[in-house]
Structure formats: C-alpha cells, structure tokens
Student: 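Below are the structure tokens for one structure; questions will follow.
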Number of protein chains: 2
Amino acid sequence: MGRESLRQTVTIKDVALRAGCGVATVSRVLNNSGSASVDMQQRVQAAADMLGFEFSEVGRSLQSNTTRTIGCVVPSLANPVYADAVQGAQEYFQAAGYQTLLVCTNYDPEFETQAIRTLTAKQVDGFVLTVSDSIFSEGLKSIKSRGIPHCLLFSMASDDEQSWSVDDLSAASRVSDAFVEKGHIDVGFLALKFKSSDRARQRYQGFMQGCYRNGMKKPALLEINEDSQELTGFLKDFLQKNPTLTGIFASNDFLALATIRSARALGLNVPGDLSIVGFDGIEVGTMVEPSLATIVTDPKTMGRGAARTVLSVINGTSAPVLPDPKLTFSFRAGGSLAFPAAERADDEKAATLSPSNNPTNKNDKIQQERLK
Amino acid sequence: MGRESLRQTVTIKDVALRAGCGVATVSRVLNNSGSASVDMQQRVQAAADMLGFEFSEVGRSLQSNTTRTIGCVVPSLANPVYADAVQGAQEYFQAAGYQTLLVCTNYDPEFETQAIRTLTAKQVDGFVLTVSDSIFSEGLKSIKSRGIPHCLLFSMASDDEQSWSVDDLSAASRVSDAFVEKGHIDVGFLALKFKSSDRARQRYQGFMQGCYRNGMKKPALLEINEDSQELTGFLKDFLQKNPTLTGIFASNDFLALATIRSARALGLNVPGDLSIVGFDGIEVGTMVEPSLATIVTDPKTMGRGAARTVLSVINGTSAPVLPDPKLTFSFRAGGSLAFPAAERADDEKAATLSPSNNPTNKNDKIQQERLK
DNA sequence: CCTCCCCATGGAAACGTTTCCAATTTTTAG
DNA sequence: CTAAAAATTGGAAACGTTTCCATGGGGAGG
C-alpha cells in the first residue's frame with residue numbers, strides 16, 4: 001500500500017550538525033552531564049527544539065546495557081486481583097522512570113516459559129511475576145540462573161528470593177474458623193484451574209488443615225476447568241455426591257458469586273441451604289445481596305510492593321520489608337455465610353440484615369489498614 | 001551492597017569465537033538467512049546452545065529500526081472494561097510476535113501526554129490508546145505528526161484515523177428507549193470523572209438526545225469526582241433536588257451497582273422507588289439480585305480489533321473493517337429497571353423473576369454474537 | 001584442463017547513544 | 001606576564017546486531 005515506510009527520525013547527529021558541534025557535546029548538553037558553555041547550551045537546545053529531537057532509548061539501551069523496562073507476567077487481567085496488582089506495580093515503576101512490559105499467560109505454563117524467554121531477550125532490567133508453579137517453572141529458573149533481578153507476586157518463594165503474596169495457607173485456615181463459628185462441620189472446596197495454580201492448591205491445603213484443626217470433616221474438592229458456564233451442572237453433581245454439605249469455600253470471589261447464582265438456579269437458598277465464602281475481597285462483593293463473606297486482600301499494595309522490591313534489587317538499595325503474613329489478609333463477614341438452615345431460625349434476621357451494611361469485622365479492618 | 005553489577009550476557013561474538021567463525025556467519029545460521037554449510041550450522045548451533053546464547057533485541061532493534069513493541073495506553077485497569085481490552089490486545093500482539101508496553105494514565109491528560117512521549121522515545125512500533133480527549137490530546141497530536149501507526153480504542157476518531165469503540169451515542173440513546181418502555185419520563189444521568197472522559201460526555205449527549213426523541217424530560221446530571229465512597233450523600237442531595245426522578249442511568253456498571261447500594265442505604269427500593277441502568281455489561285451484573293439492566297459491550301473484541309488494525313498499518317496490509325456501530329453494543333434487560341412504584345403493582349413479578357435467569361434480549365443477543 | 005558460477009565465509013559499516021581521552025581555549029593564581 | 005589549572009570541545013571507541021560486499025574454493029560444463 002502507499003505507506004511511507006521510512007519514518008524520519010531525528011538523531012543526535014542531526015542536532016549536532018544543526019548546532020555546529022560534535023555529537024558528544026549535544027549528548028552532554030541535553031543530559032546535563034559534563035560541562036558546556038552557555039552559548040553552546042543555547043545553540044544545542046535551539047537545534048534540538050527546532051528539530052523536535054528526542055533521544056532514542058534503543059541507542060541508549062545498547063550503550064548502557066539497561067532498558068529501564070520491567071517485565072510483568074501475570075495469568076490474566078480478567079481477574080481483578082491481577083489487574084489491580086499490575087496497576088499498582090505499573091504506577092510505581094512509572095514514577096521511578098521504568099516502563100512495564102506486560103504479558104498474560106492464561107495460566108499456561110508453556111506460554112509462561114516462552115513469555116519469559118522473550119522478555120529476557122528484550123533485556124528487561126527485572127521481572128515481577130506470578131508463576132503457575134514456582135518450583136517447576138522453567139522461566140523462573142532461567143531468570144535466576146541469569147541473575148536477573150526479580151520479585152514474585154502471589155507465588156510461593158523459595159529461600160533465596162522474595163515474594164509479595166497473601167498468606168494463602170493461613171487465610172484459608174481462617175475461613176475454616178469462620179465456617180465452624182457458624183456451626184458448619186461439612187463443607188466443600190471449589191477451585192477453578194486447580195492444576196495450574198499454586199494459589200488454589202495452597203488454599204485447599206490451608207483449608208484442609210484448618211478444618212482438621214477445628215474438628216470438621218475433611219473438605220471435599222470440586223475442581224472445574226472450563227469457564228464457569230456449566231458450573232450449575234457440576235455443582236448439582238457435587239451436592240448429590242456430598243448430600244450433607246452445608247457450605248462451600250470457593251477459591252475466588254467470582255467463582256463464589258457464580259456459585260451463589262448456580263445454587264439459586266438449583267432452587268437452593270443462600271445461605272440457608274448452602275453458605276458460600278469467597279477469596280480476594282473484590283469490591284462488588286459488598287454490593288450484592290447477600291453480601292459475600294470472603295477473605296479480603298489488597299492486590300494493588302502487593303503489586304506496588306513487588307515493584308519496590310525489584311527496584312531495590314536493581315538499585316542495590318535495601319529491600320523493603322515484606323508485610324507480616326498475618327496482615328496480608330483479613331476476613332470479611334457477609335450474608336452469604338450463616339448458620340445452616342436447621343439451626344437457622346433465630347439467626348436469620350441477624351444474618352441477612354446486619355452484615356450487608358457493615359460487613360467488616362472490626363479487628364480485621366484494623367489489620368487491613370495497617371497493611372497499606 | 002554486595003551486588004554483582006555485571007550481568008554476564010553472552011553475545012554473538014562469543015558464539016562466533018566458540019564456533020571458530022565470524023559473527024556474520026553466526027547471524028546467518030541462527031536466523032536461517034543466507035547460506036551455511038551443514039558442518040558450520042552444527043558448530044554454531046552447538047556453540048550457541050552451550051553458551052545459552054539469546055539474541056539481544058536491543059541490538060536488533062537498533063539495526064532494524066524496529067522494536068516489535070506496541071505502546072498501550074489506557075486510563076486504568078481497575079475498570080474491567082479496560083482490563084479486558086488490554087488483555088485482548090496483548091494476546092493478539094503476543095501471537096503476532098509483538099510485546100505490549102502498558103501505561104495507565106489514571107484519567108490524567110498531562111500524564112497521558114508524558115506517557116506517550118516516553119513510549120515514543122522507546123521507539124514503539126505502534127500505539128493502541130484510549131485518550132481522555134481525542135481532539136485536544138497533545139500526545140495523539142505528536143503521534144500523528146510523527147506518522148507512528150496507531151489505533152484508538154474507546155475514543156472518538158477524527159476522519160483520518162481508526163477507532164475501535166462502542167457507539168456511545170446510540171447506546172445511550174437506546175437506554176432512553178428502555179426507560180421509556182418502562183414508563184419513565186424523568187430520569188437522571190450519573191457520571192464519574194465527567195470532565196476527563198470522552199466516553200461519559202458522549203453517553204450523556206446520546207442520552208439527552210434519546211430522551212428528547214422519546215418526549216422525556218431533559219435528564220439532570222450528577223457528576224462526582226471522588227471515588228464512590230460518598231456517593232450516598234451525593235445521591236441524597238441529588239434526589240432531593242430532583243424529587244420527581246424515577247430512574248438513573250449510570251455511566252458505568254460499577255457506578256450503577258454502587259448507586260443501587262446507596263439507594264438502599266437511603267431506604268429506597270430498587271427498582272420500585274428508583275430504577276437503575278448501567279453501562280458496560282460486566283459479568284457480575286448478571287449475578288446480583290436484582291440483575292443489572294445495562295448496555296453490554298465486548299471490550300476484549302475491541303482490544304483485539306484495535307491490535308489488528310495497528311498491525312495492519314504496520315505491515316501495510318489492508319485494515320480490518322470496523323464493526324457496524326449498531327453492533328458494538330446491545331441492551332440487556334435486568335431487574336434493576338422496572339415500572340415506577342405507582343404503576344408497578346402488576347409488573348412486579350415479571351420484573352423480578354424473569355430477567356435474572358435469561359437476561360439477554362433475543363435480538364440483542366444475536367447482534368452480540370455477530371460482533372465476535 | 002580451463003572457465004564460469006555458485007556457495008560459503010568473514011570483514012566492515014551502520015544503527016544512536018555515551019564516555020574516555022586528547023586537544024584547545026579560557027581562567028586563575030602567583 | 002607566565003605558568004598552571006580548569007573548562008570546553010570533538011574524535012573515536014564501544015554496545016550487539018544485520019547486511020553489503022569481497023574473497024576464496026569447489027563443482028559443472030565445455
């Protein structure tokens with residue numbers, strides 16, 4: 001097509017020519033490094049302005065062996081947890097003069113490896129990443145072996161690295177407390193993409209431990225892989241196989257909301273027939289009726305934290321202290337969790353009215369504040 | 001600190017040395033360009049593997065004047081519309097071998113300008129952007145004047161450029177139809193950050209036109225700037241100033257959900273005392289009770305489309321055809337919109353039961369399918 | 001056996017910067 | 001006024017690629 005393929009780009013040479021000096025001088029003036037006479041400064045400035053000159057970061061990168069670019073690898077932006085975390089990281093990087101190269105892996109480990117390889121070739125100065133399996137991740141291995149500064153996000157860290165993440169184990173355990181407080185003994189765990197998510201597995205494990213500790217039954221696991229379209233069918237089967245179940249802990253809030261919908265479609269009353277607890281604490285959880293009982297987290301702070309850590313490694317400054325694991329989450333009560341129907345008569349009012357207006361447990365709220 | 005600042009990076013020279021040949025040969029072999037003997041190919045391959053060589057994209061970029069990187073500028077990822085659009089664009093770019101440099105402007109025009117400048121310096125090959133004002137955007141001007149391939153996303157395009165966006169005008173007008181069908185005459189418009197969003201302004205204008213066409217009152221405008229914390233207070237004032245209002249069109253779904261919550265906090269019944277309609281069609285809108293009446297859009301497709309357009313400009317291939325404006329949205333009925341209380345008695349059942357299970361208007365659904 | 005071609009190969013230039021160093025000019029001190 | 005010190009300036013190398021071009025060798029056709 002009629003495309004002018006040569007985008008005229010004005011370089012430091014053009015400026016030097018226009019200003020009648022050497023390129024070294026232009027570089028010094030425009031970077032405020034080294035010395036230059038007032039006259040020369042003006043000539044160079046004028047020439048640069050006239051030509052609309054901008055430094056080419058590519059040339060600079062080649063020379064400085066630095067790109068001021070960070071690779072950011074997350075499973076998906078469809079999950080607001082990651083979207084918020086990325087936003088937090090990006091803002092911090094931007095403020096520090098770094099750009100963010102984003103890749104979504106769609107929870108595919110192979111894709112993750114490939115993406116990390118590409119970003120490495122692009123010479124990113126560092127990485128912030130959520131890997132699907134921090135032990136077996138090829139990409140993470142390669143990053144480590146090359147000694148590229150990095151920080152994990154929502155992934156388990158081994159001893160020699162840092163991770164900003166929610167204490168999934170404790171948080172899930174806390175959920176079992178919430179269930180037992182409301183008299184639930186027999187509850188299930190529902191996860192999407194259990195196989196390819198460290199997080200979901202951690203939560204299940206923590207939940208199992210908590211249930212054990214609280215003397216509850218070992219939670220049955222329902223694992224779905226497709227998008228939640230057919231959730232209703234799966235849920236039906238699940239409930240038939242586990243007829244004594246009174247509650248479900250879903251591994252994230254969307255799944256929890258979808259579960260509420262599916263439960264209703266099956267003619268069940270939430271929380272009367274089935275209590276639901278989510279994980280993540282997305283905002284809409286407070287807007288729905290009944291409000292969603294959930295673990296609330298602060299993804300933006302996590303993202304920002306990971307960004308801080310990476311930059312501290314790059315700059316050789318001291319790393320920010322990771323938050324106390326116990327403060328990385330809090331439990332938010334909500335109308336979706338209440339006493340099972342049999343014992344429910346006298347609690348109905350309290351369960352459906354009070355949590356929706358003031359859903360946050362006071363202690364937990366304080367914790368959450370201190371995290372920021 | 002004790003940081004090994006020199007990350008040993010193995011270059012093409014090292015490979016050449018190891019393989020006992022010139023750098024040109026290495027380049028040819030590893031790129032499969034030009035010819036090379038079988039023996040040489042093996043030696044080079046072996047050397048490269050042994051050293052763990054990867055091309056430096058920086059060196060390549062300098063040489064080829066191409067970075068295989070696209071700048072992606074959006075207001076925020078906190079809004080799932082943009083998050084989805086970015087994800088769609090990123091996936092398409094990734095598949096085509098391009099990386100995505102992400103910047104969130106937080107709706108700040110100055111920041112937007114700055115970000116575009118930075119990305120330009122980084123020599124991105126193209127841009128996908130949502131600008132806050134497509135007419136006055138400094139950044140957009142500079143992109144155009146430099147002739148950098150770009151495509152707008154959710155922004156009004158001038159004659160000489162392309163934009164993948166929802167037809168806000170028609171969509172908002174369609175909302176007025178929905179209101180009037182349910183017997184509303186006097187409704188308001190609620191927007192967040194009205195000033196700095198093309199979109200909100202377009203929607204208001206379309207809504208006004210639609211209301212006029214339908215013989216409704218001119219919609220009152222409530223504009224809030226802070227995050228929705230104090231929405232309840234603002235809403236109270238607004239309703240007191242406009243006591244005859246029976247419905248509110250919120251400029252996005254989150255705002256709509258927040259409005260429902262605030263309305264309830266004020267003791268109002270939704271939709272009985274106040275009907276609410278949103279915009280965007282986020283998924284949770286179908287999960288809440290009452291389900292949210294809204295305009296549904298397909299941000300991921302939009303993002304992917306913008307990506308396609310940009311790449312077509314870069315490659316000089318023919319641009320994809322933009323979707324018919326009428327197919328960029330559809331109206332989804334929902335329990336949050338019903339006849340006002342006075343006339344509501346006999347519609348109550350239909351309004352609260354039917355839409356929640358099968359919320360999509362049939363015609364609109366077909367349109368939506370064809371958009372993909 | 002002699003040409004002529006084609007294939008294989010490597011040297012060197014170019015891409016846009018920064019920075020070292022040497023050369024020249026200006027300033028300062030004595 | 002002179003010498004030394006300081007400031008100013010430009011040339012050139014280096015960063016990691018790709019690609020143009022020249023060189024040399026081997027095979028095919030005569």
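Below, all heavy atoms of this structure are taken into account, side chains as well, without hydrogens, waters or symmetry copies. In what follows, chains are A, B, ... by sequence order, proteins preceding strands, each numbered from 1. Computed from a predicted model, the values in this text were never measured in an experiment.
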Student: My understanding is that only residues two or more places apart in sequence, or in another chain, count here; which of them pass side chain to side chain contact (heavy atoms under 4.5 Å, CB included) with A:A47?
Tutor: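 Testing A:A47 for side chain to side chain contact (heavy atoms under 4.5 Å, CB included), a comparison that skips the adjacent residues, returns A:V15, A:R18, A:A19.
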
Student: If you take any heavy atom closer than 4.0 Å to DNA chain D, which residues from residues 20-30 of chain A end up in contact?
Tutor: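 Residues of residues 20-30 of chain A under 4.0 Å from DNA chain D: A:G20, A:C21, A:G22, A:A24, A:T25, A:R28.
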
Student: Report, one pair per line, the protein and nucleotides 23-25 of chain C atoms (nitrogen or oxygen only) whose separation is under 3.5 Å.
Tutor:
none

Student: Donor-acceptor check, side chain of A:S197 to backbone of A:K193, threshold 3.5 angstrom: yes or no?
Tutor: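 Not a single qualifying donor-acceptor pair exists.
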
Student: Between C1' on C:dC20 and CG on A:N31, what's the gap in Å once rounded to a whole number?
Tutor: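 That distance rounds to 16 Å.
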
Student: Check DNA chain D against residues 38-55 of chain A and give the residues with a non-hydrogen atom under 4.0 Å, in numerical order.
Tutor: A:M40

Student: Could you go through residues 78-86 of chain A and list every donor-acceptor pair under 3.5 Å that involves a side-chain atom there, pairing it with any protein atom two or more places apart or in another chain?
Tutor:
residue, atom, partner, partner atom, Å
A:N79, OD1, A:V81, N, 2.9
A:Y82, OH, A:R199, NE, 3.1
A:Y82, OH, A:R199, NH2, 3.2

Student: Could you check how far CD of B:E57 sits from P of D:dT17, rounded to whole Å?
Tutor: 9 Å

Student: Identify whether any heavy atom of A:S56 sits under 4.0 Å from a base atom; if not, whether one sits that close to sugar-phosphate; answer base, sugar-phosphate or nothing.
Tutor: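 Contact class for A:S56: sugar-phosphate only.
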
Student: Strictly by salt bridge (Lys or Arg N to Asp or Glu O under 4.0 Å), give each pair with a member in residues 30-44 of chain B just once, sequence neighbours left out.
Tutor: B:D39-B:R43

Student: Are any of A:T11's side-chain N or O atoms less than 4.0 Å away from OP1 or OP2 of C:dC15?
Tutor: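 False: A:T11 side-chain N/O out of range (4.0 Å or more) of C:dC15 OP1/OP2.
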
Student: How close or far is atom C1' of C:dG16 from atom CG of A:D14, stated in whole angstroms?
Tutor: 11 Å

Student: Does A:I135 offer a backbone N or O that forms a donor-acceptor pair with the side chain of A:D133 under 3.5 Å?
Tutor: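 Side chain of A:D133 to backbone of A:I135, a donor-acceptor pair under 3.5 Å: yes, one is there.
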
Student: Restricting to side chain to side chain contact (heavy atoms under 4.5 Å, CB included), what partner residues turn up for B:A307, sequence neighbours left out?
Tutor: B:A89, B:Y92, B:F93

Student: Between atom NZ in B:K13 and atom C1' in D:dC15, what is the gap in whole Å?
Tutor: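 The distance from NZ of B:K13 to C1' of D:dC15 comes to 8 Å, rounded to the nearest Å.
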
Student: How would you list, by chain and number, every residue that makes a side-chain hydrogen bond (donor to acceptor under 3.5 Å, both in side chains) with A:T66, sequence neighbours excluded?
Tutor: none

Student: If the condition is side chain to side chain contact (heavy atoms under 4.5 Å, CB included), which residues does B:E57 pass it with, not counting sequence neighbours?
Tutor: A:A121, A:K122, B:R60

Student: Please say whether more than 12 non-hydrogen atoms of neighbouring residues, nucleotides or ligands are located less than 6.0 Å from CG in A:D160.
Tutor: yes

Student: If the condition is side chain to side chain contact (heavy atoms under 4.5 Å, CB included), which residues does A:K141 pass it with, not counting sequence neighbours?
Tutor: A:E138

Student: Quickly work out the A:N32 CG to C:dT18 P distance and round it to whole Å.
Tutor: 12 Å

Student: Output all residues satisfying side-chain hydrogen bond (donor to acceptor under 3.5 Å, both in side chains) with A:Q202, sequence neighbours left out; order by chain, then residue number.
Tutor: none

Student: Expressed as a whole number of angstroms, how long is the span from B:K122:NZ to C:dG16:C1'?
Tutor: 15 Å

Student: Report yes if at least one side-chain N or O of A:S64 is closer than 4.0 Å to OP1 or OP2 of C:dT17; otherwise report no.
Tutor: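 Result: no.
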
Student: Give a yes/no answer on whether the side chain of B:S35 brings an N or O atom under 4.0 Å of OP1 or OP2 in C:dA8.
Tutor: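 Yes, because at least one side-chain N or O of B:S35 sits under 4.0 Å from OP1 or OP2 of C:dA8.
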
Student: Expressed as a whole number of angstroms, how long is the span from A:L62:CG to D:dA13:C1'?
Tutor: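 Atom-to-atom, A:L62 to D:dA13, this comes out as 13 Å.
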
Student: To the nearest 10 degrees, what angle separates the axes at the start and end of the helix from C:dC1-D:dG30 to C:dG30-D:dC1, five pairs each?
Tutor: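 Rounded to the nearest 10 degrees, the bend comes out at 40°.
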
Student: Just wondering, do B:F127 and B:V310 contact through their side chains at under 4.5 Å, heavy atoms?
Tutor: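 B:V310 vs B:F127: side chains apart.
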
Student: Counting heavy atoms from C-beta on, name the nucleotide in D:dT9, D:dT18, C:dG16 closest to the side chain of A:Q63.
Tutor: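 From the listed options, C:dG16 comes nearest.
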
Student: Applying side chain to side chain contact (heavy atoms under 4.5 Å, CB included) between A:T309 and each of A:P320, A:S163, A:P149, report the one that passes.
Tutor: A:P320

Student: Any salt bridge between A:E91 and A:R304, counting N to O under 4.0 Å?
Tutor: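 Salt bridge flag = no for A:R304 with A:E91.
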
Student: Can you tell me how far P of D:dT17 sits from CG of A:N65, to the nearest Å?
Tutor: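 Distance check: A:N65 CG to D:dT17 P gives 11 Å.
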
